[in-house]
Each structure stands twice: as C-alpha cells, then as structure tokens.
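Inspection log for the structure reproduced underneath, given as structure tokens.
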Amino acid sequence: MGDVLVRAACFVAVILLGYVLRRVGVFHEDAFHVLSRIVLKITLPAAIVVSFSGKEIAPSMLFICLLGFGFGALYIGLGFLMSRKRPPEKRAFDMLNLAGYNIGNFTLPFVQSFLGPAGVITTSLFDTGNSFICLGGAFGFARMVQRGERFSFVQIGKALLRSVPFLTYITMTVLALLHLALPQPVIEFAQIAAGANAFLAMLMIGIGFQVNCSREHIFHIARILSVRYGVALLGALACYFALPLALEYRQALALLVFSPIASAAPPFTAELENDFGLSSAVNSVSILVSIVCITVLLTIML
C-alpha cells in the first residue's frame, strides 16, 4: 500500500513541478510542443521496446489486443455521439480526448511493481490494441470530423503510419510472436531513453496544464470524465468477473481500464490547432482520478 501511494504521489509531484516551472517563467508554452515531440518520437517508443524486451507472446493471447482496441473504439463512438449537436471542432475534441489509455507512461509501472510477469504481458498486449486508437486512430477520426471530410480508412492508415510509437508497437508484437529479440545494444540504448519517459510525459502535462475556470470548461471536463470512468467501472467489473482467465490477467485488465486518458491526446489536440490547454487540463484531472481508482483497486485486490 505504501509503495502504491509513493508512486502515485511522485506522478502528481512531477505534474505540479511542470505547472509551477511554467508559471514562474522557467518554461514557456512552446516547451509543451517540444516535449510532446520528444515523448512521442523518442522516449515512448523506447519504453515500448523495453516493455516487450524478453517477452514471448502466444497467438491465443492476442484477443487481449482486441479488448484494448474495443474499449478505445467505444470511447471514440461515445465522443462522437455525446457532441453530435456541437460544432465540428468540439466534436473532434471530445472524440480525441475521451479515447485511448495512458498505459506506457502511467499504468505499466504499477503493473510491473505489483502484478508480476503475467500482468506485464497482459498490459503489453492490451496496450498494443490501444495503440491503434491513441497513437493515430482517434487523431485520424477527429481530424476528418473537424475538417468535414468523408470517412476514409486510407486517412486513418496514414495517421497510424506516421505514428512512431504505433509502428514500434507493431514491430515489437511481431517480434514477440516470432520469438525474436532485438540486439542487446539496441535494448540498452532504449533503456536509457525509456528511463526518462514517465518523467517527461508528466512534466509535459504539467507545463501544458491550462484551465479556464468558467462554468463551461468545468462542465466540459466533468462530462468527459463522468463518461470515461462510468464505462471504466462497468468494464472493470466485466473483465474481473466474466472473463475465463487466470486471476493475474483479470486483475491487470481491471486496472488497465482505469488508466488515464492517453498522454498523446494533448499533443495531437495541439496538432489539430484545437484547445490543447483544455486537453491538458482534462488529461491532468484524469491522472488524479486514475491514481485514486488504481490505488483503491490494488488495495482491494492484493
């Protein structure tokens, strides 16, 4: 219990550090965009390589990838429906900032610390499916909606193929299925970059944190998070009590569906020239809510 609380407090402290440093002028708003590129193109791919290193995956376990993809697709659909009467940019915002899970930067360290090898394998597989959504899929859908374009799988495919983390997930999954491994020097290099991933991702969110305390913004945040965690509660109950899996796998899945909103959402929102300040606020609050939820779940399950 103490280890869980310490790790949770550290995440919050790094977010607060980023926010304070921006407020006192150490970082300017442009630092958010620089850090987002570093996270998306360097440290997150490195963390993916490290998380898959030495892991072998049985083809029968690939249905866990479908769970990660299915939850993300459900959130995109809910984001589309809940904002159907709003302007295109608002609808695109909801679709992008409701979908996807922050697993590599956030939940994976909890799983590694408390659920062992089975939990790590489950997390890696779930996050592979999730990567289709949070590392390009949701962005592709949102961009089409914001621009008023017709739906196109080609556009979604282009968005995914431009995503370095997504390509890394696919490559590492294929290697794990074929029981192949990257050369050890590559793994050691990735470990150096991966060690900075969680810190830079949380710092980025803190630097980008901006919230207009108007009633509209508060309502918007509350609406997104109420849908998000309402679905998470139902999903956790279904995964834990209904799936025919060993206890360790069900425990990991129950935690994973309470992961915060994907850390890639704010930089993708900025790329759409949408409200990335509000996106960072939603992301930050979702991290705080997920810390509470995951801490309570670990206390109950372990």
Side-chain angles (χ1 to χ4, degrees), residues 39-73 100-137 153 156-157 159-198 201 239-240 242-257 259 262-264 301:
V39 169
L40 287 176
K41 298 183 184 302
I42 301 175
T43 64
L44 180 55
I48 294 167
V49 169
V50 172
S51 70
F52 271 87
S53 177
K55 306 295 189 305
E56 294 185 357
I57 299 173
S60 60
M61 296 297 293
L62 288 179
F63 84 96
I64 296 177
C65 295
L66 296 179
L67 288 177
F69 177 84
F71 275 105
Y101 294 102
N102 181 354
I103 291 174
N105 297 333
F106 183 88
T107 313
L108 181 58
F110 283 100
V111 173
Q112 288 173 323
S113 299
F114 300 104
L115 296 183
V120 172
I121 293 173
T122 303
T123 300
S124 298
L125 289 169
F126 188 92
D127 205 17
T128 300
N130 171 60
S131 69
F132 281 86
I133 301 298
C134 71
L135 299 178
F153 280 113
I156 300 297
L160 287 170
L161 292 175
R162 285 196 296 267
S163 171
V164 177
F166 173 77
L167 295 175
T168 306
Y169 259 120
I170 296 302
T171 300
M172 295 305 297
T173 300
V174 171
L175 290 177
L177 287 169
L178 296 175
H179 307 296
L180 299 175
L182 293 174
Q184 189 59 34
V186 175
I187 301 299
E188 291 180 2
F189 176 82
Q191 287 174 337
I192 296 173
N197 184 59
C239 289
Y240 190 83
L243 291 180
L245 297 172
L247 177 62
E248 295 87 351
Y249 297 99
R250 291 184 284 118
Q251 287 176 329
L253 289 170
L255 287 186
L256 288 168
V257 296
S259 299
S263 59
M301 293 190 302

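Considering every non-hydrogen atom in both V49 and M172, the closest pair reads O-CE, 3.8 Å. In plain terms, the two heavy atoms of L62 and L125 that are nearest each other are CD2-CD2, 4.2 Å. Here the closest non-hydrogen pair linking L115 and A252 is CD1-CA, 3.7 Å. Here the closest heavy-atom approach between residue A193 and residue I42 is recorded as CB-CG2, 4.4 Å. Minimum heavy-atom separation, N130 to G100: OD1-CA, 3.5 Å. Of all the heavy atoms in C239 and R250, the pair that sits closest is O-CG, 3.5 Å.
One distance of note links CD1 of I121 with CD of E248; it measures 11.0 Å at 0.5 Å rounding. The structure places CD1 of I133 at 10.0 Å from CZ of F166, a figure rounded to the nearest 0.5 Å. Once rounded to the nearest 0.5 Å, the distance linking CD1 of I64 with CG of L253 reads 5.5 Å. One distance of note links CG of L182 with CZ of F189; it measures 13.0 Å at 0.5 Å rounding. Note that OG1 of T107 and OH of Y101 are 10.0 Å apart. Values are rounded to the nearest 0.5 Å. The distance from atom CD of Q191 to atom CD of Q184, rounded to the nearest 0.5 Å, is 7.0 Å.
Using a distance-only test at 3.5 Å, with no hydrogens or angles considered, a donor-acceptor pair links the side chain of N197 to the main chain of L44.
For the pair L255/M301, a side-chain contact is recorded, criterion being any heavy-atom separation below 4.5 Å from C-beta on.
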Set out, in order, the CA-CA distance, both residues' side-chain angles and the distance that settles side-chain contact (heavy atoms from CB on, under 4.5 Å) for I103 and F126, then state yes or no. CA-CA 9 Å; I103 291 174; F126 188 92; 3.6 Å; yes
With side-chain contact (heavy atoms from CB on, under 4.5 Å) as the criterion, how do L245 and T122 come out once you've worked through the C-alpha distance, each side chain's angles and the decisive distance to 0.1 Å? CA-CA 11 Å; L245 297 172; T122 303; over 6 Å; no
